[in-house]
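Everything on this sheet refers to the single structure shown next.
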Amino acid sequence: MSRELDKAIEASEIAGDVLRKSFGSSLDVQFKGPIDLVTEVDVESEKTVVRVLREAFPSYGFLTEESGHSGSVSDARWIIDPLDGTTNYTHALPLFAVSIALEVKGKLSVGVVYNPISGEMFAAEAGGGATLNGQLIHVSSQGQLRRSLIVTGIPYEASYLDDSLRLWDRFVRTSQGVRRLGSAALDLCWTAMGRFDGYYERGIHSYDIAAGCLILEEAGGTLSSFTGAELDLEARECVGSNGPIHSAMVKLTSQVV
Ligand code: IPD
């Protein structure tokens, strides 16, 4: 295990303690948009992750959900969502995670997604496979969309909503079922371990999906844009699947492009 992965796991565990301690208590909630919210716990979790990683790697930059870009302009940057699934968290729903990725020269090299309530720690390193609590994980082998369980997210921004609801309708009619968990990081990891067969979402940010994308890729999955083109983390859309159903998913997502 690289020192970077080791430290990312450590940072996610320390931030996970912060999240666990306040879970279920009443929180000071601020609104970033009509329904997009942030709590003091998001901010504290982010400070914790950044402190641990900055101490260990002072020359690496950061892109975080609550503070944006910071740190030095180097080839390496951490991409962090200190609490992915904030809405769930504020409703005491135990589906949320700390998500930490490292990008080096534009390529994802480390990914960690940790749910401190379930204790599920997903981790991956480029070329090294993906694990759940230390055990290798792999995507499902389901080849038919009709038999596939799909997960998605409903965007906060109204401009993405009509397309998202149209797609929901199409996937509900053509798959085994569609779920909406409220944490894109967990959606991708649960696809990586075969609980789901595919994930799609538009309106997401790179910090929501960076770590989960590497974990899914390393578990044997396939990633792309809505048109099937190479995934661009900044493009605010993602299709991730087990591989065999990818083209069937893209056939649907490409219709809303
Ligand atoms: C959100 C979650 C959700 C997704 C939203 C994200 P946040 O992240 O990942 O599943 O549908 O697009 O913004 O705000 O809880 O960190």
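Both counts, for ligands and for their atoms, begin at 1 and track the order of listing. Numbers here are sequence positions counted from 1. All figures in this text were calculated on a predicted structure; none of them were measured in a lab.
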Practice prompt. Could you tell me whether the side chain of Gln142 and the main chain of Gln144 form a donor-acceptor pair under 3.5 Å?
Written response: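 Yes, because the side chain of Gln142 sits within donor-acceptor range (under 3.5 Å) of the backbone of Gln144.
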
Please list, in number order, the atoms of ligand 1 under 4.0 Å from a heavy atom of [X].
X: Arg180; answer: 3 (C), 10 (O), 11 (O)
X: Leu83; answer: 15 (O), 16 (O)
X: Ile204; answer: 12 (O)
X: Gly85; answer: 7 (P), 15 (O), 16 (O)
X: Asp81; answer: 16 (O)
X: Glu65; answer: 14 (O), 16 (O)

Practice prompt. Check each of Ala97, Pro155, Gly182, Gly153 against atom 3 (C) of ligand 1 and report the one with the nearest heavy atom.
Written response: Gly182

Fill in: Spacing of Ile150 atom CD1 and Leu167 atom CG [to the nearest 0.5 Å]
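If I round to the nearest 0.5 Å, the distance is 11.5 Å.
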
Item to complete: To the nearest 0.5 angstrom, please state how far the CG atom of Leu53 sits from the CG atom of Leu102.
Response: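 So the CG of Leu53 and the CG of Leu102 are separated by 9.0 Å.
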
Considering distance alone, does some N or O of [X] sit under 3.5 Å from an N or O of ligand 1?
X: Ser183; answer: yes
X: Gly203; answer: no
X: Asp187; answer: no

Item to complete: Using a 4.0 Å heavy-atom threshold (strictly under), name the region of Thr86 that reaches ligand 1: side chain, backbone, both or neither.
Response: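 Both parts.
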
Worksheet item: Under a 4.0 Å heavy-atom limit, does Tyr156 contact ligand 1 with its side chain, its backbone, both, or neither?
Response: side chain

Fill in: Asp6: partners by salt bridge (Lys or Arg N to Asp or Glu O under 4.0 Å), with sequence neighbours left out
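In terms of salt bridge (Lys or Arg N to Asp or Glu O under 4.0 Å), with neighbours along the sequence ignored, Asp6 is linked to no residue.
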
Worksheet item: Does His205 come within less than 4.0 Å of ligand 1, judged by its heavy atoms?
Response: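 It does not, in that no heavy atom of His205 comes within the 4.0 Å cut-off of ligand 1.
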
Discussion item. When you measure from the heavy atoms of Tyr207 to every atom of ligand 1, does any distance fall below 4.0 Å?
Written reply: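 No heavy atom of Tyr207 comes that close to ligand 1.
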
Worksheet item: Side-chain contact, heavy-atom cut-off 4.5 Å: Val112 with Ser99?
Response: no

Practice prompt. Could you name each residue pair satisfying salt bridge (Lys or Arg N to Asp or Glu O under 4.0 Å) that touches residues 46-56, not counting sequence neighbours?
Written response: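 Pairs touching residues 46-56 that pass the test: none.
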
Fill in: Arg166 bridged to Asp169 by N-O distance under 4.0 Å
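No, this pair does not count.
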
